[in-house]
Amino acid sequence: MSVLRALRQVTASSSRSVTRTVARSGPLRLATVQLAPQASMTAARAFSASVRRFSEGSTDVVLSQKLAEELKYEKEAVADAPGEPEFLKTFKEQGMWEIQDVAGNDEVTLIRKFGNETIRMMFSIADIQSAEEEPEYEQEEGGGGEDQPLHSYPIRASFSITKGNGKGSINIDTMCQEGAFIIDNMSYYPDAQLGTELTAEADWKRRGLYIGPQFDTLDVSVQEEIEKWVQERGINENLATFVPEYSEYKEQKEYVRWLDNVKNFVDA
């Protein structure tokens, strides 16, 4: 039985009791009987309004409390290290890459100039969650313990390199892992816009084009020269170390934002 229904029953019972009492009292019966239902309706409306403020679900309050506890814990962890982390300050001071990070998005873009070239890199923090779901036995097979890198999980990263003279675009798909970029594929697009545009139409058009061979099938000497070519453009060990660190930093910020948004929705 709902609380509102119980309140109405109690009010109705009280009204009947007042009616019986007034019946013995004589002439005042009509005035007293008219006031009792009005007071009952006012109380019911006030109670109903207070219930609606907390939505209609019976689990809302408990869920809100749990979200608040998790939010408090995560915010306290962040408060222990206020401001930007040291690795991010150092990276920005180098002045090589510009970070484009939109709150609420899971993708991060880094851009830099190299001569007449514009180099753009993109990676996603979604790869962190995929790595966390890896079975424990697979992680243990690596052994090593303390010898393992701090960030050993792979993160996909893609690069596009364009030139101001309209010579097209070179796109490079890589895997960032253990402080290095492992090249998977290197493709060339004569239309720079087609090679860099992030739309469904452009993606569909790219699927019908020859994107080049798998990188590891190239002659070893060609592979080595391509690796030197990309390293000269800042696609190196320093950047490969930064990517997983920033991914964890952003993922933590987005998680706190997500907790706050969900709690506010439940409480509305």
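Just the heavy atoms: all of them, side chains too, but no hydrogens, waters or symmetry mates, feed the values below.
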| message | So for atom NZ, which belongs to K163, do other residues, nucleotides or ligands contribute more than 12 heavy atoms lying within a distance under 6.0 Å? | response | no
| query | More than 12 heavy atoms of other residues, nucleotides or ligands under 6.0 Å from OH of Y255: is that the case? | reply |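 Enclosed.
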Pair [X] + [Y], salt bridge at N-O below 4.0 Å:
| X | Y | answer |
| --- | --- | --- |
| K250 | D101 | yes |
| K72 | E69 | no |
| E84 | K92 | yes |

Is any side-chain heavy atom of [X] closer than 4.5 Å to a side-chain heavy atom of [Y]?
| X | Y | result |
| --- | --- | --- |
| F159 | N171 | no |
| V243 | V108 | no |
| M121 | F181 | yes |
| D219 | Q223 | no |
| L110 | F123 | yes |
| E117 | T162 | no |
| S169 | Y188 | no |
| M175 | I155 | no |

Taking atom [atom1] of [X] and atom [atom2] of [Y], what is their separation to the nearest 0.5 Å?
| X | Y | atom1 | atom2 | value |
| --- | --- | --- | --- | --- |
| E254 | R257 | CD | CZ | 4.5 Å |
| I161 | R120 | CD1 | CZ | 12.0 Å |
| K66 | K263 | NZ | NZ | 14.0 Å |
| N116 | K167 | CG | NZ | 10.5 Å |
| S158 | M122 | OG | CE | 6.0 Å |

Heavy-atom closest pair, residues [X] and [Y]:
| X | Y | answer |
| --- | --- | --- |
| S64 | D267 | OG-OD1, 2.6 Å |
| I125 | S247 | CG2-O, 3.7 Å |
| G179 | A240 | C-CB, 3.5 Å |

| task | Quick one: list whatever passes side-chain contact (heavy atoms from CB on, under 4.5 Å) with N105, sequence neighbours left out. | result |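 N105 satisfies side-chain contact (heavy atoms from CB on, under 4.5 Å) with V102 only.
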| field | Parallel, tilted or perpendicular, as decided by the 30° and 60° cut-offs, for the rings of F242 and F91 | value | parallel
| query | With R156, which of D127, D184, D173 fulfils salt bridge (charged side-chain N to carboxylate O under 4.0 Å, His left out)? | reply | D127
Main chain of [Y], side chain of [X]: is a donor-acceptor contact present, judged purely on distance under 3.5 Å?
| X | Y | value |
| --- | --- | --- |
| E237 | A180 | no |
| N185 | I172 | no |
| T217 | P213 | no |
| S124 | A126 | yes |
| D260 | V256 | no |
| R112 | R233 | yes |

| query | What's the verdict on side chain to side chain contact (heavy atoms under 4.5 Å, CB included) for F87 and T241, showing C-alpha distance, side-chain angles and the deciding distance? | reply | CA-CA 10 Å; F87 83 89; T241 302; over 6 Å; no
| request: Tell me, please, which residues at least two apart from K113 pass salt bridge (Lys or Arg N to Asp or Glu O under 4.0 Å). | output: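 With sequence neighbours excluded, K113 shows a salt bridge (Lys or Arg N to Asp or Glu O under 4.0 Å) to no residue whatsoever.
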Taking a hydrophobic cluster as the set of Ile, Leu, Val, Met, Phe, Trp and Tyr residues connected by side-chain heavy atoms closer than 4.5 Å, whether directly or through intermediates, do [X] and [Y] fall within one such cluster?
| X | Y | result |
| --- | --- | --- |
| F114 | I235 | yes |
| I183 | V222 | yes |
| W97 | I99 | yes |

| Should W229 and E224 be marked as a side chain to side chain contact (heavy atoms under 4.5 Å, CB included) after you check the CA-CA gap, both sets of side-chain angles, and the distance that decides it? | CA-CA 9 Å; W229 186 79; E224 291 175 348; over 6 Å; no
